[in-house]
Structure formats: C-alpha cells, structure tokens
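Remember, predicted model here, so these are calculated numbers, not experimental data.
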Amino acid sequence: MSFCKDCIQGIRHEGEPSGTLETIAGVACYVATPTVDYHKDKVILFLPDVFGIELINAQLLADDFARNGFKVVAIDYFNGDGLPADKVLNDKLFDFRGWLAAHCAEVTRPPVDKVIAALKEEGVTKFGVAGYCFGGRYAFDLAFDNVIQCAVVSHPRQLKIPEDFETYLSKSTAPLLINSCEIDKLFTPEAQAKADEILGDGKFAPGYRREHFLGCRHGFAIRGDLSDPLVKAGKEASFLASVEFFLEHL
C-alpha cells in the first residue's frame, strides 16, 4: 500500500468557509454553491485527501470553485472518519497504514456512488471531478466507468503505472488534467513521463494536459505551505489550471 510522509503533513490554511454541510443520500457533504446564475445540470465532485471534507483547506478550495461558477459537492467518503488534522498534521508517529487499511475501496467508494445517483435524480447530467491525493484514485475509477465528463487530479496516489494510463486511454472519454510537482514519491517523475508518453501528443483524443510545478511537493495543491513563494505560486497556478480545464471541458 503506497504512501509517503507528505500524505499526512502540511499546513492548515486560513479563511472563512461559505458553503454548507448537507446530507445527500445519507452521505455527509460540504456543498459550495455559486452566488450567481450557474448551470444547474453540472456539478464538480470534490474528492479530498485523507483529511476529508472537515479540513478547512478542502472547504476553501470548494468555495473557490463555486466562485468561478461551479456548484461543488465535496463528499465525505470516509464516513466521518477522515484523519483528524489537529492530531496528525506533522505527527510522524501516526499509524497511517492502519488507517488506510480501514478505509479501503469497499468502504469509501459506495458513498461516492450514492451521491452521484442522488444528484442525477435532481437533474445533474454532467460531472467533473477534482481529486486530491486519495481522491485522485477515484477520479480515475469514475473516468474508467465513464460516470464523469471531466477529471482533474492533483498529486494522485495509488495509481498503477502504466496500467491506469493505458486503461484511461482505452476506456475513458473524460478529458484529463494532472497537476504534478517536483517532489512526489507517489507520483514520481517517471510516472509523470509515462502519463505523457501514453496520453500526450494528441494520443488521448478527448483531451490531456499535465501541469508541473517546481519547488512543490506531494500535497501542495491542498496543504501547501503558503509562506513558501514557490508553493504558494504552485497552489494558485494549479487551481487556475483546474478552473480553466473545467470551463473548457465540462
């Protein structure tokens, strides 16, 4: 089971969330809704890292997507058991392997499917996914099933290289953006190059793009240290690239 210390380290960001906590199909969700008119048939599914929707960083990012005209539903696929940020951020003694084992696909995928089904009943027909770290795995899986129409992943983990890229090429119709970084033991430079080799140069017709951020490490797009100018620039640029990609493809 792959993980690195950057999966459970990082900085809590500051701000006042403007979304609401709601229950959709029995699943806790953080919902951010644009204050202006928006396409009611489109939703971005925000699939967070291991800290879940309770981490303020995730809520603030969801709010930022909403400010750009997208309704966002951040899903608590950890069933109220995301990592407690106050206890484990920068805690090298935390048993992350044990926590991961208790939050396998059999536990964490069903909440995602329930929320999607409920949103379809409400009239949503187009889904984008913003998947961070842990959520990047499900962005790929949902794309394989052609449940979503656009996928954006940032520093993904648990990908099988090169199999997942080959499967994406052969099965998915969802345009894909990957936000990668310089220091990442889970999505290494070799994996990044393999993604470009398999999906790049027009090989994946629906659309493929990879952004790369120097001076950043795994987790930068959601838990980066904003006091570091390179990390701050990387976080902001990766978010802008994500918004542009959704505007173009969703």
Side-chain angles (χ1 to χ4, degrees), residues 17 19-34 38-55 58-59 61-66 68-82 103-154 156-159 164 167-168 170-179 204 206-207 221-222 242-243 245-250:
T20 58
L21 292 172
E22 301 180 16
T23 300
I24 301 175
V27 179
C29 297
Y30 179 84
V31 179
T33 305
Y38 65 97
H39 292 284
K40 307 299 190 296
D41 61 338
K42 298 180 181 181
V43 161
I44 291 177
L45 301 172
F46 189 102
L47 304 183
D49 64 6
V50 291
F51 294 97
I53 66 171
E54 292 86 0
L55 186 68
Q59 297 178 3
L61 274 172
D63 292 344
D64 286 341
F65 279 117
N68 283 274
F70 297 100
K71 182 174 181 177
V72 182
V73 177
I75 302 174
D76 177 18
Y77 43 30
F78 300 127
N79 302 301
D81 192 34
H103 297 81
C104 57
E106 289 76 11
V107 174
T108 53
R109 174 65 188 264
V112 177
D113 294 334
K114 289 178 181 178
V115 170
I116 291 173
L119 292 173
K120 285 182 176 180
E121 291 181 359
E122 296 176 4
V124 177
T125 59
K126 297 180 180 179
F127 294 92
V129 164
Y132 296 83
C133 188
F134 188 101
R137 171 70 263 171
Y138 285 137
F140 270 69
D141 291 340
L142 291 168
F144 294 165
D145 295 339
N146 285 307
V147 174
I148 61 175
Q149 283 65 52
C150 185
V152 173
V153 298
S154 299
R157 64 178 298 276
Q158 291 185 306
L159 296 185
D164 280 332
T167 301
Y168 209 106
S170 64
K171 287 188 175 182
S172 180
T173 59
L176 172 65
L177 166 66
I178 299 176
N179 289 313
F204 183 59
I222 193 168
S242 302
V243 169
F245 202 76
F246 283 131
L247 287 171
E248 180 180 358
H249 295 288
L250 184 60

Residue pair Y132 / A221: nearest heavy atoms and the distance that separates them: CE2-CB, 3.9 Å
Residue pair V73 / I44, side-chain heavy-atom distance below 4.5 Å: no
D63 with K71: basic N within carboxylate O range, under 4.0 Å: no
N79 side chain reached by V107 side chain, heavy atoms, under 4.5 Å: yes
Donor-acceptor contact present, side-chain N146 to main-chain K171, <3.5 Å: yes
Straight-line distance of D141 CG to Q158 CD, nearest 0.5 Å: 9.5 Å
Close side-chain approach of L47 to L142, heavy-atom, < 4.5 Å: yes
Heavy-atom closest contact (A105 atom, P110 atom, distance): O-CD, 3.6 Å
Separation between SG of C29 and CG of L119, rounded to the nearest 0.5 Å: 7.5 Å
Approximate separation, where rounding is to 0.5 Å, of E54 CD and D76 CG: 5.0 Å
V152 side chain reached by N179 side chain, heavy atoms, under 4.5 Å: yes
Geometric class of the H249/F245 ring pair [parallel <30°, tilted 30-60°, perpendicular >60°]: tilted
Side-chain heavy-atom pair L177, S242 within 4.5 angstrom cut-off: yes
From CD (Q149) to NZ (K126), nearest 0.5 Å: 7.5 Å
N68 and Y38: side chain donor to acceptor below 3.5 Å: no
Close aromatic pair by centroid cut-off 6.0 Å: F78 and F51: no
side-chain contact (heavy atoms from CB on, under 4.5 Å) between D81 and H103, worked out: CA-CA 9 Å; D81 192 34; H103 297 81; 2.8 Å; yes
Neighbour count >12 (heavy atoms, 6.0 Å) for atom NZ, K114: no
Min side-chain heavy-atom separation I75-V27 under 4.5 Å: yes
Side chain S172, main chain A174, donor-acceptor under 3.5 Å: yes
Over all atoms of both residues, closest heavy-atom pair of V31 and T33: CG1-OG1, 3.8 Å
L250 vs F70 side-chain heavy atoms within contact, under 4.5 Å: yes
Audit row: L247, V243, side-chain contact (heavy atoms from CB on, under 4.5 Å) steps and yes/no: CA-CA 6 Å; L247 287 171; V243 169; 3.8 Å; yes
Euclidean distance, R109 CZ relative to C104 SG, rounded to 0.5 Å: 13.5 Å
ring-ring contact (aromatic ring centres under 6.0 Å, His included) partners of F204, counting only residues at least two apart: Y168
pair K40-V124: side-chain heavy atoms closer than 4.5 Å: no
Reported CG-to-CZ distance for the pair D49 and F134, which is rounded to 0.5 angstrom: 10.0 Å
Check against side-chain contact (heavy atoms from CB on, under 4.5 Å), V147 and I116: CA-CA 9 Å; V147 174; I116 291 173; 3.8 Å; yes
Sub-6.0 Å ring centroid separation between Y30 and F46: no
Side-chain (Y77) to main-chain (P48) donor-acceptor, under 3.5 angstrom: yes
Lys/Arg N to Asp/Glu carboxylate O, R137 vs D164, below 4.0 Å: yes
